[in-house]
Amino acid sequence: MSRIIAGLNRLGGLWLLLGLAAVLIAPWYKLTPPDTGAGSSILGSALTEISAQRYWLLPPVLAMLAFAGLRVKSGQRWQAHVAVPWIAGAAALLFLMQAFGIGLNGPILGAIGQAFPAAALGQPGLGPGGFVFAVAITGILADALAARGFCRGERFAANAVVFVVALLTLFVLFPILRLGSTALFTPEGVFQPGVFITRLIAPDLWGLGCLYGQPRCGVVINTLILGILSGVLSTLLGLALALLVARTNFRFKGALRAISILPIITPPFVVGVAIIVLFGRTGVVTGWLEFLFDMPRTRWVYGLPGILLAQVLAFAPITFLVLLGTIEAINPTLEEASKTLGAKPLDTFRTVTWPLLRPGIAAAFLLAFIESLADFGNPIVLGGGYDVLSIRIFFAVVGARYDLGNAAVLSIILLSLTLGAFWLQTRWLGRKSYVTITGKSDAGLSAPLPGPLKAAAYAAVMPWVIFTLGVYAIVLIGGIVNDVGRWDLTPTLRHLATAFSFEIGENGLQFYGSAWDSLQTTLLVSAIAAPLTTAIGILTAWLISRQDFAGKGSFEFGTMLSFAIPGTVVGVAYVAAFNVPPVDITGTMTILVICFMFRNMPVGMRAGLAALSQIDRSMEEASQTMGANGFLTLRTVVLPLIRPAIFTSMVYAFVTAMTAVSAVIFLVSARHNMATAYIMGRVENGEYALAIAYSAVLMVIMIACIALIQLFIGKRQLGRRTDLQTLR
Amino acid sequence: MSASAIEFVDVVKRYGSVTAVDTISFSIQRGELVTFLGPSGCGKTTSLRLIAGLELPSAGTVRIAGQDVSTRAAADRNVGMVFQSYALFPHMSVIENVAYGPTIRGGDKKLAIERGHEILTMLGLEGLSTRLPSELSGGQQQRVAVARAIVQQPDVLLFDEPLSNVDAKLRRRVREEIRDLQRRFNLTAVYVTHDQEEALAVSDRIIVMSNGKIAQIGTPSALYDRPSSRFVADFIGDANLIEGHVDNGRFRAEGLTLPLDMPGPDRPATISIRPERVILEKSGAGGKITHASYLGSRREYRIETVFGALLVSAPITDVAFQAGDEVGVSLPVGGYTLLVNESELPSARVSAQ
């Protein structure tokens, strides 16, 4: 490995070679560009396109040739030459200007058209040549900065910083900005800033009618009502669960923890479908209630109650984990002190435990609130007439009322709400919500939960347990019985056969089932996205915890940002940004992978940050002084020591890619359909059994894959170093 | 170029608005052991990291073996470093740790391991090569860290407070080992410590630092006997500082007149005298014992004189004074030194403790 790198360096570095190939050989465009009349080019490389009068491609070609010349003149450390950063910066800038300045249908500004007559014909999106050039010029810029002392002169680190920043800009910041600008255009594509205000103050967004007995409220109000209710209920339930686990001798703690993981591997819709099967107008429970108590069949479950039920079921495990952490961090001596001062158990809870819990409760509430706002799967299945922002955005993009500008405005509102909550959570609570663990052992036992509270906790948790069991029972059997909705429990494989039938005949293995395509895509995309997501997440964590560079603060903010953007907004933003040149990648599998990478990287990043904070930084410095560059240090020292974090990140990235729906629903295409999108189609058609069968299959696959990843990465965990002191 | 192993020319290191190292220049000869000494936050560790390449200077030039390495990363320099925490890789055995450098630089793995065994044998660690670092004692870990640092015959060997994790009782032996090793392999070594005794014991020369600047450079005895400033006098050993003025080639304070080697022009001045240089006489007057302590190896007295309070360290003899005794005090020629840089580094604290 290091020999290959050394060999490449002798030739002038990977980036220079790639750059030369990109401008001289590779096809620059994705499609053959329109004929300028100057003869069509053979390869369509930047060089030959220039001969077809596309003179705006001169800077990339000239820059690469200049670098090649410098390599010949100045030798192996040519990147240290004073001119390199200037040439690279100018070339990158001119490259971006032409890429964004000349669209598919011609130049954006008239002046460009006057300078380059051929621009009037427009240019298609970037192809292999264009992308590889972008990569190469970024890398050369990073090398040049490293040669001038950026990142302590460490080339790998400098490259990592520059590339991660470039990628975050392109795939997080740029789509959002593009979406924002879309909000200023009318559906006909006319620039009209006033339309933004008109859309923003539309009465169907902010109407408060439902509070005065009118049938419905505005969509923003609906979303907020749902978010607040869902946040409060999830937090209460999570608190009850956490108190039971941490402060009572509740016997099924292990089982409770296991159940709490279920929602993570549960595909969206499936809970919604199970709720419909149980409580819908023709539902099982509804039927029993009618039979036993003569209760009329209603559609109560469609709308706010149903969504709320599904969300509380899904979010309670999240709030549970947050609150469990808070409760376990409370120093038991505080409660003991209260007792020795004469407080009764209930007083102790009220005056000591509860105030210490409050920051954790606020954090849990905000988390559930954000999740509820971003939720797409439950409202679309159970929404009925109850409109929320994520659904409205979806129909503004894919429905008959297509209006990207309106979708953009709705997205901006949704984004502001989640970012506001996110900001509150990190700023206001950031410090309070984590009780510091001093490392001193806390003598003493934590107080058991006072009797009345214990009873209340049980009363809250038991229905939840029964309900969860009911839902998952439906999931378990729904796919293999005739019609679970009508309680026809005759075992059958027909649903599975519809989805996954295959035949081994004379033509070999043949797949007939309707779900194979989407399953294949899902597995492939998830399998590609998981390691990439982990790689960029861990790399970013390493940069944040180990490197000092200018702009690190905004870099951290950028990575946090991608965590707080609701999936629906990401989906719309990607459609707005990547449907047109220069980066024209909608309808490909690439955009699915990229979408997952940047949505899920913060989890890998957090796992990585936590793991890295446990590792003595001087080990990496030792590796460097012994001649290992940043990459080798990362591979031979850091990665082996943070294996558990890599595992966590891989599993999470894989599972989330398998079950995600809100962003990908905008990005799937006929050729590259995802399992979740396929299931959603089945739910819309009322084919619940098929949807449930497919979901069950997905869950089995996910569990198998988690086991496989675990086996592959290995469980070997190194004990913390006991004899050596940690850094300084 | 001269034969300097390391050379700093006007090196500055800033972190935001904080200047950790402020325009320092020095050079270190081949085969020399030089110590950076100073209180915490004085810039000594930053200076060491600047040599290693773990930090790059904000301004100025760093040369190693005559080559300008100011913008060169640690991995592209030939330095060995022993870290305060030893920084042994916990997931690698002793031999893997030692052979890490030669292997990672693209060398033959077999040769690297052979070379690693050689070094381990030289350091008396041959039986431990397959152990994990967590299975070694603290002293063994340190020797492995040294072995790992010297296996590649570095241009310079760096020690970052290597004794801070060693038991107080063992320190003397370990620092002698380090010194022997450095002489045996004729290594150029740079050593960082905040312990003045350690610095005096191991160094060829000491660079005393304060607030990111060099306060004084010199051999251990030169620094001890002829500190140039209040700071150095105070930081290395104990010092009695007597305020007065240079007058006609002599130092004068109330009740005191001392001849000077290099008096310079007349001005207010301070002299420093070490506690063990003060001579007490039974007969005579001038001082009154205010406090007497017996320390086993010597006796310490605090004495009130007309020119100020003195701390005196006396060898154990039959003569012992009690608090309240009147004693004669004399300051022998050559036992005191005039602080030449006093005006530059004013100290808040005054005279003997």
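Proteins get letters first, then strands, A, B, ... in listed order; numbering begins at 1 in each. Only heavy atoms go into these numbers, but all of them, side chains included; no hydrogens, no water, no symmetry mates. Worth saying up front: this structure is predicted, and the values here are computed from it rather than measured.
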The interface call for A:Ala80 against chain B, heavy-atom contacts under 4.5 Å, is neither

Honestly, the part of B:Phe89 sitting under 4.5 Å from a heavy atom of chain A is both

### Message
Distance alone, cut at 3.5 Å: any donor-acceptor contact between the side chains of B:Thr193 and B:Asp195?
### Response
no

So, the part of B:Gln152 with a heavy atom under 4.5 Å from chain A: the answer is side chain

Of the listed A:Cys151, A:Gly149, A:Gly630, A:Ala628, the one with the largest count of heavy-atom pairs under 4.5 Å with chain B is A:Ala628

So, the part of A:Arg155 with a heavy atom under 4.5 Å from chain B: the answer is neither

With B:Val94 as partner, the option from B:Thr130, B:Leu132, B:Leu120, B:Leu125 fulfilling side chain to side chain contact (heavy atoms under 4.5 Å, CB included) is B:Leu120

Is A:Arg606 close enough and on-axis enough to A:Tyr652, meaning under 6.0 Å and within 45°, for cation-pi? no

Fill in: B:Glu118 with B:Arg115: basic N within carboxylate O range, under 4.0 Å
yes

Residue from B:Gly101, B:Gly138, B:Ala149, B:Ala75 scoring the most non-hydrogen pairs under 4.5 Å with chain A is B:Ala75

Per-residue tally against chain B (heavy atom, under 4.5 Å) across A:Thr625, A:Asn629, A:Thr633 peaks at A:Thr625

Scan side-chain atoms only and decide if B:Asp10 and B:Thr23 contain a donor-acceptor pair under the 3.5 Å cut-off. no

State, without any angle test, whether B:Ser164 and B:Gln84 hold a side-chain donor-acceptor pair at a distance under 3.5 Å.
-> yes

Heaviest contributor of heavy-atom pairs below 4.5 Å to chain B, chosen from A:Ala147, A:Ala157, A:Ser623, A:Ala146, is A:Ser623

